[in-house]
Amino acid sequence: ALPSPGTPLDSNAPPKWLIVDHEIVQLPSIATLRAIRAAKKKNRDAADKIAAVIADPVFARSDTRVQNSSLAPAVASAANDADRPASTQRALESLRDGGSARLIHSSEEADAIAKAAPPGTTMIARGFDATRETAMNARLGEYQIVHFATHGFLDSEHPELSGIVLTMVDRNGVEKNGMMPLHDIYNMDLSAEVTVLSACQTALGKDIKGEGFVGLTHSFISAGSRSVVASLWKVDDRATAALMADLYQSMLQKGMSPAAALRAAKLKLMQDKRWSHPYYWAGFVVQGEYTNHINIETNSRRNVGMIVLLSLLLISCGLIVAAKRRKNTKKVL
């Protein structure tokens, strides 16, 4: 949201934003960038596994998706108290005090990602399936993109209590542990080119000298993600859904890097009068690697592969038929 240097500020017109002419990336530290580039790629080039999306979790028993709302609150809350990690208790209480409304448009993000990606290359877990268990599953490490569309929780004084909020009640209204704190994220084994945290204040944390902000972005990079798209403040749900749709179109259909794709999405969003103010588009930033791309098996490549396969089958069939004819001819002679 910074104006370009030397741009005269006219009160009757918006300034020329820095992002109009520049691609902007944040680096936690040079040491972090060196570590990212030195890490082995593992299976990042798997073109058949593009994006794993966890979106639109169920946060409360008041959600209309909960089937049995008649369950007594005491029974519902006590069901999993014994299993809840003590380190997340204060974070969950603070989240409830501030409210945790359903993010209606987060499901639209999942649909937009599936539409932008080649068929059969996305894994989408939403609603009751958007659980901590799903997020911690080793399968996420097989995808080039990991996307969370949910609430984030920030504790600047105690960053270890920060985390991502996933489904907190089951279909019957019984509470479950839906908090994924930092220590869980650090223990993930990712090989993603980019992790997208479509939630509020996910780019913040505690400032550690020499390492920058230690928080969600730091933990996902440490877990193996080469870059992270995260937010600096409480973002608008609907504007974020539009921004994410454009982000994925640019990454998956135009071949842009995550940093270039985010810039393109911001430029498009600011053209909409509803969301032209920097509040709606400037909050999302890219941290980490800035030269990476998503490996997409294009339609043309798939078509060439199919043509080669069919050609080989036809040649094989022709050889078999020719061999049978020669055999029959010898029998007749």
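Only a predicted model underlies this, so the values are computations on that prediction, with no experimental measurement involved.
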**Request:** Taking the side chain as every heavy atom from C-beta outward, state whether N177 and R132 have any pair of such atoms under 4.5 Å apart.
**Result:** yes
**Message:** Measuring only between side-chain heavy atoms, which start at C-beta, is I54 closer than 4.5 Å to I164?
**Reply:** no
**Prompt:** How many angstroms lie between atom NE2 of H293 and atom CD of Q144, to the nearest 0.5 angstrom?
**Reply:** 12.0 Å
**Contact list for residues 241-252, test side-chain hydrogen bond (donor to acceptor under 3.5 Å, both in side chains), sequence neighbours left out** = H147-Y248, D246-K268
**Request:** Please assess I19 against M270 for the test side-chain contact (heavy atoms from CB on, under 4.5 Å), listing each intermediate value before the final yes or no.
**Result:** CA-CA 11 Å; I19 198 171; M270 71 172 64; 4.0 Å; yes
**Request:** Check A223 against I185 and note the closest heavy-atom contact, atom names and distance.
**Result:** CB-O, 3.3 Å
**Prompt:** Can you tell me how far CE of M256 sits from CD of E23, rounded to the nearest 0.5 angstrom?
**Reply:** 9.5 Å
**Stepwise side-chain contact (heavy atoms from CB on, under 4.5 Å) test for L252 and I145** = CA-CA 11 Å; L252 303 183; I145 301 172; 3.9 Å; yes
**Prompt:** What are the two closest non-hydrogen atoms of Y279 and V235, and how far apart are they?
**Reply:** OH-C, 3.9 Å
**Item:** Heavy-atom pair of closest approach, residues R171 and D129
**Value:** NH2-OD1, 4.5 Å
**Request:** Check whether any side-chain heavy atom of T217 lies under 4.5 Å from a side-chain heavy atom of Q26, and answer yes or no.
**Result:** no
**Message:** Rounded at 0.5 Å granularity, tell me how far OH in Y290 sits from CG in L33.
**Reply:** 5.5 Å
**Request:** Nearest 0.5 Å please: distance from the OG1 atom of T122 over to the CG atom of D48.
**Result:** 11.5 Å
**Asked** Are side-chain N/O atoms of T131 and T134 paired as donor and acceptor at under 3.5 Å?
**Response** yes
**Item:** The single option from L247, V229, L262 passing side-chain contact (heavy atoms from CB on, under 4.5 Å) against V194
**Value:** V229
**Validation row: V196, E109 side chains within 4.5 angstrom (heavy atoms)** = no
**Request:** Return the orientation label for the F59 and H151 ring planes: parallel under 30°, perpendicular over 60°, tilted otherwise.
**Result:** tilted
**Message:** Any non-hydrogen side-chain atom of I50 less than 4.5 Å from a side-chain atom of I294?
**Reply:** yes
**Request:** Show your working on side-chain contact (heavy atoms from CB on, under 4.5 Å) between W17 and K266 and close with a plain yes or no.
**Result:** CA-CA 11 Å; W17 307 114; K266 290 181 178 183; over 6 Å; no
**Point-to-point distance, once rounded to the nearest 0.5 Å, from OG1 of T167 to CD of E133** = 9.5 Å
**N/O donor-acceptor pair under 3.5 Å between S227 side chain and E193 backbone** = yes
**Message:** Side chains of H218 and Y186, heavy atoms from C-beta outward: is any pair under 4.5 Å?
**Reply:** yes
**Prompt:** Judged by atom type as modelled, is there a donor-acceptor pair below 3.5 Å linking the side chain of H22 to the main-chain atoms of I24?
**Reply:** no
**Asked** Does the pair T240 and H105 meet the rule for a side-chain contact (heavy atoms from CB on, under 4.5 Å), with working shown?
**Response** CA-CA 8 Å; T240 297; H105 298 287; over 6 Å; no
**Request:** For T121 and Y143, work out which heavy atoms get closest and say how close.
**Result:** O-CE2, 3.9 Å
**Prompt:** In Å and rounded to the nearest 0.5 Å, what is the CZ to CG distance from R238 to L243?
**Reply:** 14.5 Å
**Message:** Measuring only between side-chain heavy atoms, which start at C-beta, is V165 closer than 4.5 Å to P57?
**Reply:** no
**Prompt:** So, N172 side chain and V174 main chain: donor-acceptor pair closer than 3.5 Å or not?
**Reply:** no
**Request:** Please report the shortest heavy-atom distance between A52 and L140, naming the atom on each side.
**Result:** CB-CG, 4.2 Å
**Request:** Mind checking salt bridge (charged side-chain N to carboxylate O under 4.0 Å, His left out) for R263 and listing every partner two or more places apart, or none if nothing turns up?
**Result:** none
**Item:** Residue pair S257 / T291, side-chain heavy-atom distance below 4.5 Å
**Value:** no
**Request:** Examine distances only and state if a side-chain atom of K49 and a backbone atom of R139 form a donor-acceptor pair shorter than 3.5 Å.
**Result:** no
**Prompt:** Looking at F284 and S231, what are the two nearest heavy atoms and their distance?
**Reply:** CE2-CB, 3.8 Å
**Side-chain donor/acceptor of S106 to backbone N/O of T150, under 3.5 Å** = no
**Message:** Can you list everything that forms a side-chain hydrogen bond (donor to acceptor under 3.5 Å, both in side chains) with R65? Sequence neighbours excluded, please.
**Reply:** D56, D63
